[in-house]
Amino acid sequence: MDILEGLNPAQREAAETTEGPLLILAGPGSGKTRVITHRMAYLVRVVGINPRRIMAVTFTNKAAREMRERLQVLLAGSVEHLSVGTFHAACAAILRRDGEALGLSPRYAIYDDEDQLGLIKRSLQDLGIDPKRYPPRSFQSAISSAKSQMITSAGFAQRARSYFEEVVSRVYRHYDTLLDQSQALDFDDLLMKASQLFQNHPDVLEKYQSRYLHLLIDEFQDTNITQYALAQQMAAKHRNICVVGDPDQSIYSWRNADLRNILNFERDYPEARVVFLEQNYRSTKTILEAAHQVVSVNRDRKENALWTDNEEGPPLRVVETFSESEESQFVVGEIDSLLRQGESRHMDCAVMYRTNAQSRALEEAFVRYGMPYQVIGGVRFYSRREIKDVIAYLKLIYNPWDSVSLARIVNVPPRGIGQKTMDELQQWAKGLGLPLYTALQRLAEDRSASPLGARSAQALAGFYSMMEELARQSREQGVVELLDNVLQASGYKEYTLEQPDGDDRWDNILELRGIAAQYQDLKPPEGLTLFLEGVSLFSDTDEMDEKKDLVTLITLHQAKGLEYPVVFIVGMEEGVLPHIRSFDDPAQMEEERRLCYVGMTRAKRRLYLVRSLRRSLMGGTNANPPSRFLKNIPAKLVQTTGLFGEEPKPAPRPKAGGVDLSAGDHVQHPRFGKGVVVSCTPVRDDQEVVVVFDGVGIKKLLLSLAQLTRRD
DNA sequence: GCCTCTGGATTTTTT
DNA sequence: ATCCAGAGGC
């Protein structure tokens with residue numbers, strides 16, 4: 001059997017070119033994933049490369065998992081030694097193994113951006129910088145951007161030109177010191193330190209270089225300078241580096257992705273073969289043409305020749321609604337009618353939006369109609385307070401120098417250790433030149449050693465001995481028992497349950513416990529290591545369920561790499577898509593355009609572009625003109641529908657349910673009892689009625705379904 | 001030290 | 001609308 005069977009000539013060329021550098025420029029829907037997996041299968045089966053000598057880097061863990069699964073099928077097993085993962089995960093593992101050469105503890109903590117921001121705030125405090133004048137976030141992004149380009153704090157100080165940059169360099173330096181004291185790395189450090197490790201320790205680099213004969217990098221257009229440096233280091237010996245990307249789908253420049261990488265690749269590897277994948281197998285001609293018209297307006301762009309053999313397909317639908325809720329109603333109603341026609345299942349449909357906040361109105365509509373859906377992203381599981389708290393306990397057990405985790409949970413649940421006590425402890429520790437946790441230890445051993453009050457000292461000593469006991473247990477227990485012990489010893493369970501939304505929070509903790517169970521059987525230090533690494537590097541798309549029959553609600557960014565027969569892009573308005581923040585920067589505006597292109601090219605068969613006349617934002621409501629991107633789509637590809645007709649139309653007196661209501665009417669409901677109508681909004685051929693029920697509260701109901709009767 | 005209230009800012013996208 | 005810091009009462 002031929003592994004390359006069924007590939008078109010360009011795909012075949014890409015898969016067969018196994019020696020030397022290779023750049024694959026792959027348009028949307030061009031079978032990129034297929035090429036990558038077949039290329040790897042070819043390497044193993046035909047060229048005879050041992051899978052453990054191949055490394056593949058993907059953008060998300062989910063992409064990594066999929067690649068592994070597909071290869072499993074192609075190779076019939078034998079993929080367990082293949083290295084597939086994100087840059088971050090790969091670097092985390094490298095540093096865990098060899099980071100000691102840099103003076104890094106193998107138990108280093110990983111700080112996410114919330115932790116990072118906290119540490120920056122502390123830096124500002126230490127340095128006496130006013131966070132009102134200099135927003136902490138501006139330092140966060142400046143430092144992240146520097147680290148993404150391999151610029152250290154010393155390097156930053158050197159090239160600081162403005163006064164602000166000078167301030168940043170001081171914050172950067174202090175922030176790094178604090179990280180160091182905590183034995184912690186932020187996300188950007190994972191990449192930069194790994195690269196520094198390679199740079200300063202050729203013996204370590206040599207080990208990885210010799211092991212990996214072949215390196216493959218997916219989504220190359222979204223890599224930053226530091227990631228490229230890493231790739232170059234790893235590939236320097238064998239020069240078998242294959243990168244795959246599409247400049248038109250570059251949408252992460254705000255995360256410091258740098259399109260120069262693609263240009264640099266051709267400069268650094270002049271002998272590189274370049275393969276263009278230009279046949280699209282995903283979308284209809286109509287969709288592809290429309291998307292092309294949108295993106296080709298960009299000036300900073302290389303033209304390509306994407307084409308498809310697929311049929312014309314139905315026209316795009318551009319739909320104009322009056323309000324956000326009507327927009328959502330339309331989406332749900334339209335999906336419902338596609339379902340009724342037997343054309344699609346829920347899982348064939350996706351709704352995409354620019355900002356997470358937009359998912360709310362949509363969710364309301366889905367809930368009200370009882371249509372099954374899943375939201376990707378939004379309030380992320382691992383950033384929920386209770387989850388971060390519990391993980392902070394585990395992180396502190398694992399690495400007692402982790403000052404961010406210590407500060408987070410030392411008084412959660414409240415145990416009499418307030419800010420003042422912590423300040424005093426800090427002061428005392430600093431005076432002795434001790435890390436916080438060591439000071440805590442000394443205090444616990446001899447209460448009179450510290451200048452702190454007896455009450456505070458007592459509380460701190462209690463906390464210390466609890467943590468020590470947990471740490472002791474962690475040496476012989478699995479992750480699940482450890483978690484249970486933490487919840488028990490800290491009193492976190494009772495603390496959570498007595499909160500107003502305690503039941504939900506507790507459910508989340510139980511879910512975390514379920515995740516921990518996957519690490520339960522590993523022997524003590526390793527289980528905790530991998531669990532903590534897993535939760536730190538987890539991303540939202542990772543949890544997406546593709547098997548359940550649900551409609552997917554997702555941001556345009558997260559939708560990259562996915563495809564659906566039916567796609568709705570909502571909020572096609574100036575200020576939303578393109579986002580208002582891009583208005584004054586042409587480069588950012590081009591990125592918005594690419595983002596729109598990415599969204600459109602997710603669609604296989606039907607594409608809806610929906611906008612609303614009015615949209616609520618931070619309390620107020622405003623009216624946005626239609627997105628400029630709509631104007632670039634040729635009219636012949638589009639069917640436009642306006643649902644609002646003459647807009648602020650007076651509530652037509654409809655007939656649904658034989659009842660006829662307006663604001664102020666008194667009504668009766670079988671379940672909610674007596675109430676008063678607050679408002680009626682026409683919704684397609686129905687009415688949405690808001691009613692305040694006595695003793696029940698406000699409910700939104702659909703007139704046709706609600707069985708309301710009038711009480712005169 | 002702990003809890004609640006108020007006013008002010010604040011939202012793009014995420015490994 | 002929602003989150004956060006700071007003030008003030010217990």
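Just so it is clear: chains get the letters A, B, ... in the order the sequence lines come, proteins before strands, and each one is counted from 1.
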Looking at the rings of A:Tyr495 and A:Tyr492, which for Trp means the six-membered one, are their centres under 6.0 Å apart? yes
With respect to the side chain of A:Thr421, which nucleotide from C:dT2, B:dG1, B:dT13 is positioned closest? B:dG1
A:Ser456 side chain N/O closer than 4.0 Å to the phosphate oxygens (OP1, OP2) of B:dG1? no
Touch class at under 4.0 angstrom, heavy-atom based, for A:Gln588 against every strand present: base
What is the distance, rounded to the nearest whole Å, between atom CD of A:Gln116 and atom P of B:dT15? 14 Å
Nucleotide N/O to protein N/O under 3.5 Å, stretch nucleotides 8-11 of chain B:
none

Within the 4.0 Å heavy-atom criterion, would you say A:Arg455 contacts the bases, only the backbone, or no part of the nucleic acid? nothing
Spacing of CZ belonging to A:Arg594 relative to OG belonging to A:Ser253, to within rounding of 0.5 Å: 7.0 Å
Of A:Glu592 and A:Phe187, the one whose nearest nucleotide on DNA chain B sits closer to the 5' end is A:Glu592
Roughly, in whole Å, what's the span from CG in A:Asp186 to C1' in B:dT14? 14 Å
Does A:Gln558 make a side-chain N or O approach to OP1 or OP2 of B:dT14 shorter than 4.0 Å? yes
In whole angstrom, give me the gap between the P atoms of C:dC4 and B:dT13. 15 Å
Measure CG/A:Asp585 against P/B:dT13 and give the value in whole Å, please. 18 Å
Between A:Asp246 and A:Lys32, does any NZ, NE, NH1 or NH2 come within less than 4.0 Å of an OD or OE carboxylate oxygen? no
Check for me: is A:Phe59 stacked on B:dT15 by the 5.5 Å centroid and 30° plane-angle rule? no
A:Gln221 vs A:Glu219, side chain to side chain donor-acceptor pair (under 3.5 Å): CA-CA, chis, key distance, verdict: CA-CA 5 Å; A:Gln221 77 281 356; A:Glu219 305 288 6; 2.9 Å; yes
For the residue pair A:Glu324 and A:Arg360, establish whether any side-chain heavy-atom pair is separated by less than 4.5 Å. no
OP1, OP2 of B:dT14 versus side-chain N and O of A:Asn356: anything below 4.0 Å? yes
Please report the distance, rounded to the nearest Å, between CG in A:Asp115 and P in B:dT14. 18 Å
For the residue pair A:Ile94 and A:Phe198, establish whether any side-chain heavy-atom pair is separated by less than 4.5 Å. yes
Using whole Å, report how far CG of A:Leu190 lies from C1' of B:dT15. 9 Å
Proximity of A:Tyr175 and A:Phe139 rings by center, below 6.0 Å: no
Integer-rounded Å distance: B:dC3 P and A:Tyr495 OH: 8 Å
Is A:Thr555 near enough to B:dT14 that one of its side-chain N or O atoms lies under 4.0 angstrom from OP1 or OP2? yes
Side-chain N or O of A:Asn411 less than 4.0 angstrom from OP1 or OP2 on B:dG1? no
Using whole Å, report how far CE of A:Met422 lies from P of B:dC2. 12 Å
Atom pair distance, as rounded to whole Å: CZ in A:Arg255 and P in B:dT15: 6 Å
Under-4.0 Å side-chain N/O to phosphate OP1/OP2 contact, A:Lys121 with C:dA5: yes
Could you work out which one of B:dC3, B:dT13, C:dA1 sits closest to the side chain of A:Pro414? B:dC3
May I ask you to check whether A:Phe220 and A:Phe59 place their ring centers less than 6.0 Å from one another? no
